[in-house]
Amino acid sequence: MTTAVSSVTSRNPADPSDVLVSSPAPGAFAAVAAVELARAAQPGWSTGGAAARSAALGAVAAALEAAADELTALAVREVGKPLTEARAEVARTVAIWRYYAQAPYEPLGAVYETAAGPGLLLTRRRPYGVAGLLTPWNFPFAIPSWKAAPALAAGNTVVLKPAPEATACARRLAFLVEQALPAGVFTVLPGGATEGNALVSAADVVSFTGSTTVGRAVVHAATARGIPVQAEMGGLNAALVLPDADIEQAALHIAAAIAGYAGQKCTATSRVIAVGAALDPLREALPQALRAVAVGDPADASTVCGPLINEPARDRVSSAWDGLSVLAGGTVPGLPGWYAAPTLVEKVPPDHPLLREEVFGPVAALLPADDLAHAVRITNSVPYGLVTSVHSAGLDPVLHGLDRLDTGMIRVNAPSTGVDFHLPFGGAKESGHGPREQGRAALEFYTCSRTYTLSPAGTM
């Protein structure tokens with residue numbers, strides 16, 4: 001499902017000689033053992049009461065907040081996240097645990113009248129058991145947290161298999177979480193495909209975030225077992241710019257969504273669709289905005305675009321603009337580590353891979369559209385449907401086009417990047433499978449609904 005590895009290695013993408021983790025992969029038996037340990041701990045965790053789970057999740061939030069500087073520095077070092085973004089991710093992670101710390105007190109169901117006669121009908125939501133979580137490297141604290149916190153709040157136990165590139169972050173997160181929870185309730189399982197496959201084969205509910213190819217395999221394996229599964233996968237996100245938009249502001253938003261964290265977000269913008277008269281001014285403003293993006297050491301607070309996660313990623317990005325007309329970027333900076341300049345291309349053939357496949361780097365294509373309807377067709381023409389940003393001064397054209405977009409999320413006059421952790425998150429088509437993540441939607445995913453019929457004794 002992910003790359004099979006005999007050892008787990010994690011390097012600093014800004015300085016590849018800096019190795020954070022190098023250890024043998026634990027193997028499939030270790031994965032099954034972790035699930036069995038979590039399964040043994042689950043009944044006590046679930047029946048311990050709302051107050052105990054709420055206090056534990058609140059303690060996790062406090063521990064993460066106390067370690068914020070350390071966690072920020074670790075994210076900068078291990079996954080190359082620019083310092084400002086790393087601080088924001090850690091703050092969001094703390095907020096996620098605080099948000100779900102209140103969830104154990106939420107209602108678990110409802111009471112209904114019977115259709116006829118005395119008695120009551122009840123619905124009640126119950127945890128599945130062990131939640132197997134497979135997470136990527138690009139948000140090493142936030143994504144594991146927005147999966148684990150609701151699963152734990154609902155009474156499940158958790159086994160987390162992080163991407164190898166984020167092993168050090170996952171281990172540190174686990175250390176802080178485990179201090180607040182009973183033994184076996186939260187376990188980190190490092191490794192690759194072997195460990196991931198074993199986890200999916202043993203857990204009671206599975207949540208995955210990563211590439212579409214791997215996500216399909218996870219969904220297939222979990223569905224074959226008949227267990228609940230959600231998969232958040234790739235994106236090929238568009239930014240629509242209407243003629244009445246504030247072009248300068250739109251260019252700044254789009255540049256940030258293309259180049260922020262070197263485009264290594266599933267919500268990054270990779271297609272910019274200029275509607276009608278917006279093309280010429282945007283063609284001038286957006287390259288300027290991209291050239292102004294600070295590229296360099298992620299530990300520098302001014303950096304917006306840091307390194308790619310590894311050398312294959314850098315090579316894939318640097319080949320994406322080959323043979324295309326480049327408006328900005330199209331170069332590999334001569335820096336230590338794996339960097340690529342934020343790049344905008346135009347006149348891209350319709351069958352070019354850049355318009356069909358996710359690059360996962362700071363590269364975007366500028367595309368013209370005759371009108372809003374044409375822009376919507378272009379947006380919907382790809383296999384993915386995660387998020388679309390729409391830039392316009394008028395509400396009517398925005399509302400007119402929104403319902404026809406085949407994307408799970410729409411952001412108006414804002415970058416395509418950005419997540420509100422208390423609202424549902426997810427995409428359409430090949431960007432997502434199953435129920436949404438985050439907010440109350442997550443609590444529903446990690447629980448199953450039961451219906452109870454209560455009839456008085458002696459009734460027929």
Side-chain angles (χ1 to χ4, degrees), residues 1-13 16 18-39 41 60 64 67 70-71 73-81 89 93 130-149 151-152 156-179 181 183-203 205-211 214-215 217-218 221-222 231 264 309-310 312-313:
M1 292 176 187
T2 56
T3 303
V5 294
S6 59
S7 63
V8 178
T9 302
S10 175
R11 297 177 181 273
N12 180 344
D18 177 19
V19 179
L20 285 82
V21 175
S22 181
S23 62
F29 289 118
V32 174
V35 171
E36 290 308 311
L37 180 65
R39 185 163 287 122
V60 171
L64 294 172
E70 172 199 352
L71 297 177
L74 186 56
V76 171
R77 182 182 170 204
E78 184 171 39
V79 299
K81 180 155 284 194
E89 180 183 347
T93 301
V130 180
L133 312 180
L134 296 93
T135 59
W137 48 264
N138 58 337
F139 287 87
F141 301 123
I143 292 181
S145 293
W146 80 47
K147 293 179 186 293
L152 293 167
N156 300 280
T157 50
V158 163
V159 177
L160 167 67
K161 206 240 37 110
E165 296 89 344
T167 300
C169 286
R171 284 178 172 171
R172 191 57 186 162
L173 174 67
F175 175 82
L176 295 170
V177 172
E178 287 167 358
Q179 304 307 302
L181 303 179
V185 171
F186 183 95
T187 304
V188 160
L189 173 72
T194 298
E195 292 75 17
N197 290 340
L199 179 57
V200 173
S201 72
V205 56
V206 170
S207 182
F208 167 87
T209 297
S211 71
V214 178
V218 170
Q264 298 175 118
I309 189 63
N310 53 36

Any idea which heavy atoms bring Ala203 and Ala131 closest together, and the distance?
-> CB-C, 4.5 Å
Tightest non-hydrogen contact, residues Pro190 and Thr167, listed as CB-CG2, 4.1 Å
Nearest atoms (heavy-atom pairs only) where Ala31 meets Leu199 | CB-N, 4.3 Å
Minimum heavy-atom separation for Pro140 to Ala166, with atom names?
-> CB-CB, 4.0 Å
Value rounded to 0.5 Å, distance of CG in Asn310 from OG in Ser10 | 10.5 Å
dist Arg172:CZ -> Phe141:CZ (nearest 0.5 Å) comes out at 9.5 Å
Verify side-chain contact (heavy atoms from CB on, under 4.5 Å) between Arg171 and Val21, making sure each step is shown before the conclusion.
-> CA-CA 10 Å; Arg171 284 178 172 171; Val21 175; 3.8 Å; yes
Thr194 side, atom OG1; Lys161 side, atom NZ - distance, nearest 0.5 Å | 10.0 Å
Any side-chain heavy-atom pair from Cys169 and Leu20 closer than 4.5 angstrom?
-> no
Would you give the length of the straight line joining atom CD1 of Ile143 to atom CH2 of Trp137, rounded to the nearest 0.5 angstrom?
-> 10.0 Å
Taken in chain and number order and not counting sequence neighbours, the residues that satisfy salt bridge (Lys or Arg N to Asp or Glu O under 4.0 Å) with Arg39 are Glu36, Asp204
Is Glu165 reaching over with its side chain to a backbone N or O of Ile309, donor-acceptor style, under 3.5 angstrom?
-> no
Quick one: does Ser7's side chain have a donor or acceptor within less than 3.5 Å of a partner on Pro24's backbone?
-> no
Are any non-hydrogen side-chain atoms of Leu133 and Pro144 less than 4.5 angstrom apart?
-> no
Compare all side-chain heavy atoms of Leu64 with those of Leu173 and state whether any distance is below 4.5 angstrom.
-> yes
List the atom of Pro164, the atom of Gly191, and the distance in Å for their closest heavy-atom pair.
-> CG-O, 3.3 Å
Hits for side chain to side chain contact (heavy atoms under 4.5 Å, CB included) against Leu181, two or more places apart or cross-chain, chain-then-number order -> Trp45, Ala56, Leu152, Val177, Val185, Phe186
Does any non-hydrogen side-chain atom of Asn138 lie less than 4.5 Å from one of Val79?
-> no
Who are the salt bridge (Lys or Arg N to Asp or Glu O under 4.0 Å) partners of Glu78, not counting sequence neighbours?
-> none
Taking all non-hydrogen atoms of both residues, which atom of Glu195 and which atom of Ala25 are closest, and how far apart?
-> OE2-CB, 3.4 Å
Can you check whether Val200 reaches Leu134 side chain to side chain, under 4.5 Å on heavy atoms?
-> yes
Heavy-atom side-chain proximity of Val35 to Leu189 below 4.5 angstrom | no
Does NZ or CZ of Lys81 lie under 6.0 Å from the centre of the six-membered ring of Phe139, at an angle within 45° of the ring axis?
-> yes
